[in-house]
2 protein chains.
Amino acid sequence: MNLPAKHPSPRPGQKERRLAREKRILEAAEKVFAEAGFGGATMQLIADMAGLPKANLHYYFPTKEALYRQVVENIFQIWLRAADVFDSADGPAEAIAAYIDAKMEISRRHPAGSKVWASEVMHGAPVIQDYLEHTLTEWTEGRARVIERWIAEGRMNRVNPHHLLYMLWATTQHYADFNHQIETLNGGKPLSDEQWEEAKASVKQIILAGIGIDASDL
Amino acid sequence: MNLPAKHPSPRPGQKERRLAREKRILEAAEKVFAEAGFGGATMQLIADMAGLPKANLHYYFPTKEALYRQVVENIFQIWLRAADVFDSADGPAEAIAAYIDAKMEISRRHPAGSKVWASEVMHGAPVIQDYLEHTLTEWTEGRARVIERWIAEGRMNRVNPHHLLYMLWATTQHYADFNHQIETLNGGKPLSDEQWEEAKASVKQIILAGIGIDASDL
DNA sequence: ACACCAGTTGACCAATTGGTCAAGAATTTT
DNA sequence: AAAATTCTTGACCAATTGGTCAACTGGTGT
């Protein structure tokens, strides 16, 4: 990070290589943790999937817990970043629609990460309890106040902001966590591009109508 | 069940004892599987929680898989039974409201079971793929047709029935699977009776309005 | 009293697991 | 080119795991 930088210019060298290796490991780990859960995942499996010997994996991540923690924290960052679109719009219709789109896109592009997150929370959040208590709590309370303001301004129906947020989280996350069930009910095939669009549209339609917003605004 | 019944009268004896033991084991197993996942659960832990030696546990359930399978199948039965309330009502308002109530009650009363189910599906449904492909598929298609009929009759908005069902599942299940997160956001306390009522009411309010049903019907 | 059988259990086992380590290969720095 | 640092890896280890087994217990029917 801050070692003597003899050469002020580029150098594709060591640092990038290390980051690339770590990224490859983290991607393998995410998949394995998602498929097998923390308890069912083995370092050997992760090493195999990343294409390197187990001992080497332990060089980059000293323990299984450390590796897992990193995976979970990465997901949480993605999750939080998506949450930002909530603020970049100025009304409930745009904000909630954009938030649904963003979260549905995460479910589509990062199903493994979503599952790891769900699994972590389901098991009592042993490693990210801090995040839940601070970052997530603050974000949630902030957004709840925004929603209450919209309600006070008559821009949407009076609903309990927390339960609305839970519904948004639950519904969008469902498409990742339960994608296997959805696939099975879809004749064994993954949702096509059009079906994903329909899913997004359906979720937006029902929720926006559910809080008294005319979706033709969008 | 149908062994020679020497005594035609009662007899609290052996069969009941066996069932009681199995029930106790299954309850312990459900908790442990929910808390640790299949991979993280150990027969020793389940035995401890059930209050009997591990070897005895293996007398009732020969393998970890067999025990797990039984737990999952039990949950699925509860799930399906709740689904029946969907049919006992004659209109979309009553049916969906009753279904939400029933599923919310399951989330409240059987959070461990719900988590085991979620975990099973999330990991690709290794042991209940049959159920997904047959029983669940048939139930879902049947209900989707009912919803389509309601739409055709003008009794609710035109929405994609599958995505409506997914939203119902996702939202109600969320209160079980993510109860830890909800508790954390609730100041570390479980939802009170009143809060559960508000949760149910909020879910019903948003979804019913979302499909164009005036909830004051109920 | 006896045999019979479901249930109980501590001791044990082979396999797997997360993690270590020392020796070597690469790469960078001097 | 040599020294120093970073990476790589096969072999290994202690602990844990699911599962077995033979001996034991206790109730039931005869």
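Quantities reported herein were computed from a predicted structural model and do not represent experimental measurements.
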Test item: side-chain donor near acceptor, A:Y131 and A:E73, under 3.5 Å: yes
Those residues of residues 35-53 of chain B lying under 4.0 Å from DNA chain D by at least one heavy atom: B:A41, B:T42, B:M43
Distance-only side-chain donor-acceptor flag, A:Q44 / A:T42, under 3.5 Å: no
Residues touching DNA chain C, which here means a heavy atom under 4.0 Å, drawn from residues 57-64 of chain B: B:Y59, B:Y60
OP1 or OP2 of D:dC7 under 4.0 Å from side-chain N/O of A:R21: no
A:N56 side chain near D:dT9 phosphate (N/O to OP1/OP2, under 4.0 Å): yes
Bend angle of the helix from C:dA1-D:dT30 to C:dT30-D:dA1, from helix axes over five pairs at each end, nearest 10°: 10°
Sub-4.0 Å heavy-atom contacts from residues 116-123 of chain B onto DNA chain D, ordered by number: none
Residues A:K200, A:E105: salt bridge by 4.0 Å N-O rule: yes
A:A102: side-chain contact (heavy atoms from CB on, under 4.5 Å) partners, not counting sequence neighbours: A:A82, A:V85
A:R17 vs C:dA26: side-chain N/O to OP1/OP2 distance below 4.0 Å: no
Distance in angstrom units between A:L19 CG and D:dC7 P, rounded: 11 Å
Side-chain N or O of B:R18 closer than 4.0 Å to phosphate OP1/OP2 of C:dG7: yes
Separation of D:dC13 P from A:K54 NZ (nearest whole Å): 14 Å
Electrostatic pair B:R108:B:D101 at N-O distance under 4.0 angstrom: no
Identified ring pair (Phe, Tyr, Trp, His ring centres under 6.0 Å) partner of A:Y68 from the options A:F33, A:W117, A:F61: A:F33
No-hydrogen, no-angle side-chain donor-acceptor test under 3.5 Å, B:Q129 and A:H180: yes
Summary of salt bridge (charged side-chain N to carboxylate O under 4.0 Å, His left out) pairs that have at least one residue in residues 120-146 of chain B, sequence neighbours excluded: B:D87-B:R143
Nearest listed nucleotide, side chain of A:A55, among D:dG10, D:dT20, D:dG19: D:dG10
